[in-house]
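Input: a single structure, listed below in structure tokens.
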Amino acid sequence: MSYDSSAPRPTRPPHGQHDSTARPGPDPAGEPLRGGASPRTWTGHHRDLRILRRAYRRQRRVTTFTVLGCFTLFLGLSAGCPGFMDRPVTGGLSRGLVLALSQIPATWLAVLAYERTARRYVDPLARRVNRSTPWASGEPEQER
């Protein structure tokens, strides 16, 4: 079997815009689809997945940038203001050493915040998406 690359390719809509004629949806008459699946709207399940992806993405970004921001502040002060970092705070500890040691609790707080937001916001979304899939109720996933 050969592939003819000179055949015109169908045009794709610009990113973020969908052409409803490009891919036919489920039959509006309510007839079952291939494999016995019932027709469903294209926006419901996909919308839940988009919301879940957005929640995961936001959670990762906030946590990562918070920890990296603290570490970048420490590095910037160490490189740019060595006199400031050399000053003693209490008991012979310099500000640089105190800021370096504060990276450990900052990381712990980031992990705790990540777990808390996962339990509070992301996990309920994941459970909702999981309940809406046909194989979540014990039915085996069918090949497409």
Heavy-atom closest pair, residues [X] and [Y]:
X      : Y      : result
Ala110 : Val67  : CB-CG2, 3.2 Å
Gln103 : Cys70  : NE2-O, 3.6 Å
Ala118 : Pro124 : O-CD, 4.2 Å

Please round to the nearest 0.5 Å and tell me the distance separating atom CZ of Arg116 and atom CG of Leu109. 12.5 Å

Would you list the atom pairs, donor with acceptor, under 3.5 Å between side chains in residues 52-61 and any protein atom, with sequence neighbours excluded?
from	atom 1	to	atom 2	distance (Å)
Gln59	NE2	Tyr114	O	2.7
Gln59	NE2	Thr117	OG1	3.0

Same cluster or not: Leu101 versus Val98, using hydrophobic residues (I, L, V, M, F, W, Y) connected whenever any side-chain heavy atoms lie under 4.5 Å apart? yes

When you group the ILVMFWY residues by side-chain heavy-atom contacts below 4.5 Å and let the links chain together, are Ile51 and Val129 in the same group? yes

Check: residues 73-93 side-chain donor-acceptor pairs under 3.5 Å, at least two apart:
from	atom 1	to	atom 2	distance (Å)
Ser78	OG	Phe74	O	2.9

Do any N or O atoms from the side chain of Thr72 and from the backbone of Gly69 form a donor-acceptor pair under 3.5 angstrom? no

